Amino acid sequence: MGDRSGERYPRIYAVVRRIPQGRVATYGQVAALAGFPGQARQVGYALHSLPEGTEVPWQRVINARGEVSLRSEAGWERYQRHLLEEEGIVFNDSGRVDLDLYRWEAALTTPRSR
DNA sequence: GCAGTGACTAGTA
DNA sequence: ATACTAGCCACTG
């Protein structure tokens, strides 16, 4: 089963679901944990195709600079920030999150042969 | 099939 | 600090 086509989004969603409340992860981090290192863009794309009302905590995924990434539709950036603040995340004066403080430190369960 | 796009990132200037 | 570049790859027209 080395086939990876069609298995990307589910694996990405599974990782995002593991992000604890009050924590954040970067797109690149989620990509690496899902087994697709270097494919941060695909994480953003996967989250973008998420339906409304999803259980997947997409708001906990931000960019590597600690900012809420800008989207096509205006207003959602503000909405995402609101959701994170409700979870206890504090934004600094520059509108950014301190990744050293809130970054989710997940154990990389590397699926190597053992 | 090719070119443009995107909720990205690391590097360089 | 900002601006631009190359690399990345699925999706779309």
Side-chain angles (χ1 to χ4, degrees):
Chain A
M1 48 181 287
D3 179 44
R4 12 196 179 94
S5 55
E7 294 298 319
R8 293 178 180 76
Y9 288 11
R11 293 186 62 168
I12 290 172
Y13 298 151
V15 171
V16 174
R17 251 187 273 262
R18 288 169 50 203
I19 306 174
Q21 188 180 69
R23 291 284 196 176
V24 297
T26 66
Y27 294 95
Q29 182 183 0
V30 171
L33 288 168
F36 311 112
Q39 300 185 39
R41 305 193 80 142
Q42 283 315 117
V43 174
Y45 210 101
L47 297 184
H48 184 263
S49 61
L50 231 36
E52 286 185 50
T54 177
E55 311 171 33
V56 180
W58 53 269
Q59 71 273 18
R60 295 173 192 156
V61 184
I62 62 179
N63 67 32
R65 297 181 304 188
E67 305 173 305
V68 168
S69 290
L70 268 34
R71 303 183 45 248
S72 311
E73 289 188 59
W76 279 86
E77 178 192 353
R78 178 165 44 88
Y79 176 52
Q80 181 172 3
R81 173 170 174 160
H82 176 70
L83 289 177
L84 290 177
E85 289 178 327
E86 282 193 328
E87 295 187 357
I89 305 275
V90 176
F91 286 74
N92 61 26
D93 295 337
S94 305
R96 298 211 298 253
V97 171
D98 187 341
L99 288 177
D100 292 331
L101 214 56
Y102 294 107
R103 183 181 178 129
W104 173 43
E105 299 295 347
L108 223 47
T109 57
T110 332
R112 78 178 72 159
S113 53
R114 58 185 162 88

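First the proteins, then the strands, lettered A, B, ... as listed; each starts at 1. Computed over heavy atoms, backbone and side chain alike; hydrogens, waters and symmetry mates excluded. Since the structure is predicted, the reported quantities are computational estimates derived from the model, not experimental observations.
For A:R41 against C:dG7, a side-chain N or O and a base N or O form a donor-acceptor pair under 3.5 Å. For A:Y45 and C:dA10, a side-chain-to-base donor-acceptor distance below 3.5 Å is absent, hydrogens and geometry of angles not being considered.
Linking ILVMFWY residues whenever their side-chain heavy atoms come closer than 4.5 Å, directly or via other members, leaves A:L83 and A:I89 in distinct clusters.
Contacts of residues 78-86 of chain A with DNA chain C (heavy atom under 4.0 Å): none. Contacts of residues 48-69 of chain A with DNA chain C (heavy atom under 4.0 Å): none.
A:R96 forms no cation-pi arrangement with A:F91, by the criterion of a distance under 6.0 Å to the ring centre and an angle within 45° of the ring axis. A cation-pi arrangement is absent between A:R41 and A:Y27, since the terminal nitrogen or guanidinium carbon is not both under 6.0 Å from the aromatic centre and inside a 45° cone about the axis.
Under the 30°/60° scheme for interplanar angles, the aromatic rings of A:Y79 and A:W76 are found to stand perpendicular.
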- Task: Take A:R18 and A:W104 through the side chain to side chain contact (heavy atoms under 4.5 Å, CB included) test and state the conclusion after the steps.
- Result: CA-CA 10 Å; A:R18 288 169 50 203; A:W104 173 43; 3.7 Å; yes
- Under the salt bridge (Lys or Arg N to Asp or Glu O under 4.0 Å) criterion, do A:E87 and A:R60 qualify, and how do the steps go? CA-CA 10 Å; A:E87 295 187 357; A:R60 295 173 192 156; 3.0 Å; yes
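The number of heavy-atom neighbours closer than 6.0 Å to CZ of A:R17, taken from other residues, nucleotides and ligands shown, is above 12.
In this structure, A:W76 places its CH2 atom 13 Å from P of B:dA7, rounding to the nearest Å. Spacing between atom CG of A:L70 and atom P of C:dT2 amounts to 13 Å, rounded to whole angstrom units. As rounded to whole Å, 11 Å separates atom P of B:dA10 from atom CG of A:L99. Separating the CD1 atom of A:I12 from the C1' atom of B:dG6 is a distance of 14 Å, rounded to the nearest angstrom. The separation between A:F36 atom CZ and B:dC8 atom P is 18 Å, rounded to whole Å. In this structure, CZ of A:R8 is placed 16 Å from C1' of B:dG6, rounded to the nearest angstrom. Atom OH in A:Y27 sits roughly 19 Å away from atom P in C:dA10 (whole-Å rounding). Computed from coordinates, the A:Q39 CD to C:dC8 P distance equals 10 Å when rounded to whole Å.
Taking atom P in both B:dA7 and C:dG7, one finds a spacing of 22 Å when rounded to whole Å.
Residue A:S94 is the one, among A:G38 and A:S94, whose nearest nucleotide of DNA chain C lies closer to the 5' end (criterion: closest heavy atom).
With sequence neighbours left out, A:L70 forms a side chain to side chain contact (heavy atoms under 4.5 Å, CB included) with A:E77.
Between the side chain of A:Q42 and the main chain of A:Y9, no donor-acceptor pair closer than 3.5 Å is present.
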